[in-house]
Amino acid sequence: MIINPDALQILRLLQITSPALPVGAYSYSEGIEYLCNSGVIQTEVDLCNWLKREMHFGFITNEAAIALRAHQAMLNNDLVDLNYWNSWLSATRETEEVRLASWQMGQSLMKLWAQLDDQQLWRSQSINQILPTAKDNSEGQGCNYAIAFGIVGASLEIDASNTVLGYMHSWVSNLVSAAVRSVPFGQTTGQQIIFRLNTDILQSSQSALDRLDSELEWCGWGASLASANHETQYSRLFRS
């Protein structure tokens with residue numbers, strides 16, 4: 001049997017972007033729960049517009065660009081570059097909740113990666129020597145999820161553009177899922193929103209692929225405030 005390498009790449013991409021991937025993404029809303037609770041997001045139009053703004057002006061495109069850099073560093077076996085971008089990403093996280101979420105998901109994905117393929121075990125051990133394990137408090141530093149995603153994408157021979165596209169799509173899907181659980185949206189409505197955002201996902205993915213190091217900037221203060229306020233919200237379903 002001859003296996004089409006493109007089909008194998010798609011299968012692997014589908015697996016690492018699946019909602020069933022055990023990295024804990026379902027636990028985080030990145031401030032969406034607070035926005036729904038405070039009335040900023042109440043309708044599908046509100047959610048769609050918020051996600052569009054975040055993709056075009058917020059931090060997520062930078063995250064996808066960092067996943068790309070991790071992908072490239074992995075292909076080049078450049079552990080120094082991996083460590084640099086991991087530290088850069090940790091330093092630019094606006095709130096403790098968002099930073100800890102990124103570390104937790106990153107460490108979970110790295111652990112899963114080693115367990116998926118025994119041949120990758122030695123590589124994951126080598127990388128973990130320079131990417132520290134996240135602790136349960138802000139004094140530690142762990143492997144950010146975007147870094148882990150780029151590493152795993154490269155190791156599974158998923159090309160750079162599909163890795164970035166998969167990262168953006170999984171982010172949108174997770175936040176739509178969080179909104180569906182926070183306000184009375186039906187699951188069909190959630191899928192309709194993701195479908196409408198396809199063009200924006202493609203545009204933001206291309207922006208991440210084209211973005212130079214000197215262009216890693218964003219204007220996402222609304223999401224930052226939502227995340228900060230979510231930390232003290234009286235009743236919460238999500239950790240962030």
Side-chain angles (χ1 to χ4, degrees), residues 10 12-56 58-64 67 93 95 97-109 112 144-146 148-149 152-153 162-205 208 220 222-231 233 235-240:
I10 292 172
R12 289 173 170 175
L13 180 64
L14 289 172
Q15 182 169 4
I16 65 172
T17 57
S18 168
L21 198 72
V23 296
Y26 63 88
S27 301
Y28 305 107
S29 75
E30 297 191 24
I32 288 290
E33 182 178 24
Y34 170 79
L35 294 168
C36 293
N37 184 69
S38 62
V40 175
I41 295 177
Q42 287 295 293
T43 68
E44 55 266 36
V45 173
D46 294 336
L47 177 59
C48 201
N49 288 339
W50 178 270
L51 293 175
K52 278 186 178 183
R53 286 193 297 268
E54 283 301 300
M55 279 190 281
H56 290 290
F59 194 79
I60 183 58
T61 303
N62 274 348
E63 279 193 54
R93 303 280 55 186
T95 66
E97 280 195 331
V98 172
R99 184 171 60 249
L100 292 178
S102 181
W103 289 349
Q104 182 273 306
M105 290 175 58
Q107 291 300 137
S108 295
L109 183 55
L112 176 63
N144 287 282
Y145 185 60
F149 198 90
V152 173
N162 282 335
T163 297
V164 169
L165 184 62
Y167 190 86
M168 292 293 300
H169 185 271
S170 63
W171 177 84
V172 170
S173 297
N174 186 62
L175 292 196
V176 168
S177 176
V180 166
R181 286 175 282 166
S182 299
V183 296
F185 290 153
Q187 293 188 356
T188 299
T189 299
Q191 292 302 310
Q192 289 172 334
I193 291 171
I194 294 172
F195 189 81
R196 290 178 201 147
L197 291 174
N198 279 349
T199 300
D200 298 278
I201 293 171
L202 289 170
Q203 290 175 348
S204 296
S205 297
S224 301
L225 290 173
S227 178
N229 280 288
H230 182 262
E231 184 178 2
Q233 188 172 315
S235 177
R236 304 193 302 178
L237 294 174
F238 301 91
R239 294 176 62 184
S240 76

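Every residue two or more places apart in sequence or in another chain that forms a side-chain hydrogen bond (donor to acceptor under 3.5 Å, both in side chains) with D46 is listed here: T43. For R93, the side-chain hydrogen bond (donor to acceptor under 3.5 Å, both in side chains) partners are E63, not counting sequence neighbours. Take S108 and apply the side-chain hydrogen bond (donor to acceptor under 3.5 Å, both in side chains) test, not counting sequence neighbours, and it matches Q104. Legend: residues meeting side-chain contact (heavy atoms from CB on, under 4.5 Å) with S170, ordered by chain and number and at least two apart, are T17. Remark: D200 pairs with H56 by the side-chain hydrogen bond (donor to acceptor under 3.5 Å, both in side chains) rule, at least two apart or across chains.
For the pair S205 (side chain) and I201 (backbone), a donor-acceptor distance under 3.5 Å is present.
Here the CD1 atom belonging to I60 is positioned 8.0 Å from the CG atom belonging to L175, to the nearest 0.5 angstrom. Rounded to the nearest 0.5 angstrom, T199 OG1 and K52 NZ are separated by 8.5 Å. Considering CD1 of I16 and CZ of F149, their distance stands at 4.0 Å, rounded to 0.5 Å. Taken to the nearest 0.5 Å, the CG atom of L202 stands 10.0 Å off from the CE atom of M55. To the nearest 0.5 Å, atom CG of residue N198 and atom CZ of residue R196 are 11.5 Å apart. Rounding to the nearest 0.5 Å gives a distance of 11.0 Å between CG of N49 and CD of E44.
The nearest pair of heavy atoms linking L13 to N162 is CD1-O, 3.5 Å. The shortest heavy-atom contact between L47 and A179 is CD2-CB, 3.5 Å. The two residues S102 and N144 come nearest to each other via the heavy atoms OG-OD1, 2.8 Å. Taking every heavy atom of both residues into account, I194 and H169 meet most closely at CG2-NE2, 3.9 Å. Minimum interatomic distance between P22 and L112 (heavy atoms only, all atoms of both residues): CD-CD2, 4.0 Å.
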Contacts table for residues 183-190: side-chain donor-acceptor under 3.5 angstrom, sequence neighbours left out:
none

